[in-house]
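Comments concern the structure below.
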Amino acid sequence: MPSASVSRPAITSPFTPGALPWQTSGIAALVDHARPAGNVHDRASRAVLLRRIAALLDQPLLSPMDAAAAASTTALLVPGDALIEEDATAAGIFDRGDILGGVVPALFVGTKAISHGLVGAHAARPRDWSDEMARRLGDAALPGYTAFSRADAAEAGRLLLRDGPVRIKDVCGKAGLGQEVVRDAAALDAALAQEDERDLAHCGIVLEQNLTDVVTYSVGAVELGGATISYWGSQNLTRDHHGREVYGGSDLTVVRGGLKALRRLDLPAPLARAVECAARFDAAARACYPGLILTRRNYDVIEGVAPSGQRRIGVLEQSWRVGGASGAEIAAFEAFRDEPDTDRVCCSTVEVYDLVTPPTGAITYYRGTDPRVGVMTKYAMRYA
């Protein structure tokens, strides 16, 4: 067990170039050398992101570390996913000053699974599951259920089908993949027949009301270098080389301060509602799963037309790790560092499945051929 003596104090001081509120040996990716995570473009993008963070904080960029190496350092660690508590402890992560990302008490807490409740008191559930989370969320999430067995999923799906089509979602799916819409019980049963019962018990599956004519908002907050930023924005879609609609980047409006700062702003009604839904999800998760360490929080909030014809807004999922919008987040930190009197900036990330030349001033995160997904270009920039 690593000693707590290497833990850094929590970040509390204001951001200033070249100064951190704790003593650190540098910035490092936290990795499992035996199991490299992500596609080539993910790993390349993360390497660029780490370089930007190190330069922002005026700290050395260290080589990627596994948990054993990290436990004996005072590096600020950047994992590729939210960590479960035992893995975080093994890496010497004890508080907010140790990590850019998130620490959760159990695997399911870091996935889409906590966005909905179970179909009933009889439903299967993992240890530490909180029924209170769904009650606190209320209408801040879409009508839906999480299930940890095929039988529970079939029951939940049939209940939802009474009101229209149902979207089935892989709780660990990213970039809009791992989803299917079903419109009747036969299609529901066919989709669920493809699920492995052991995977369902371990990870769960989400079934929720399907919306049409949708826009997906990004609402988030990041703590880094003694400063906090928060933002609202929208996600863009693009088509991959298989013709699927997938994540194509985010356009963010970023301000100084946390989610409370966003809630005080005079925003258009749908956007204000999206921010409120994200803030309610954030508060509910913290209340229902004590011990969360979250320094990067991003919430996907959907607005669209329900089968009834009414417009609905609700949180789809959380991301408590560096992700697709992180390039824009770091660009905002850089702008606030360089312009102390600026209190609002607009930044974006772009992902296209082609080789394109990024605009002047953009930071290229990846431009090449990924063996799995094909040619791709990713970049980030400030545009206002």
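What's counted below: heavy atoms across the whole structure, side chains too, no hydrogens, waters or symmetry copies.
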State whether [X] and [Y] are salt-bridged, where the test is any N-O pair (Lys NZ or Arg NE/NH1/NH2 against Asp/Glu carboxylate O) under 4.0 Å.
X: E223; Y: R296; value: no
X: D81; Y: R321; value: yes
X: R167; Y: E180; value: no
X: R312; Y: E303; value: no
X: D370; Y: R43; value: no
X: R198; Y: D196; value: yes
X: E132; Y: R135; value: yes

Using a distance-only test with no angle check, is there a side-chain donor-acceptor pair under 3.5 angstrom linking [X] and [Y]?
X: Y247; Y: E351; result: no
X: Y217; Y: D300; result: no
X: Y289; Y: W129; result: no

Practice prompt. Kindly state whether the ring of H116 and the ring of Y145 have centres lying under 6.0 angstrom apart.
Written response: no

Worksheet item: Does the gap between the ring centers of Y365 and Y379 come in under 6.0 Å?
Response: no

Could you tell me whether the side chain of [X] and the main chain of [Y] form a donor-acceptor pair under 3.5 Å?
X: T24; Y: G26; result: yes
X: T349; Y: S250; result: yes
X: S230; Y: G258; result: yes
X: R244; Y: V246; result: no
X: D152; Y: A124; result: yes

For a 4.5 angstrom cut-off between non-hydrogen side-chain atoms, does [X] reach [Y]?
X: V373; Y: N39; result: yes
X: I229; Y: F333; result: yes
X: V305; Y: Q310; result: no

Discussion item. Could you walk me through whether L100 and V222 satisfy the side chain to side chain contact (heavy atoms under 4.5 Å, CB included) test, starting with their C-alpha distance in whole Å, then the side-chain angles of each, then the deciding distance to 0.1 Å, before giving a yes or no?
Written reply: CA-CA 8 Å; L100 177 59; V222 185; 3.9 Å; yes

Worksheet item: Do you know the tightest heavy-atom contact between V356 and R367?
Response: O-NE, 2.8 Å

Discussion item. Salt bridge (Lys or Arg N to Asp or Glu O under 4.0 Å) for R150 and E155? Distances and angles first, verdict last.
Written reply: CA-CA 9 Å; R150 190 177 290 117; E155 180 182 354; over 6 Å; no

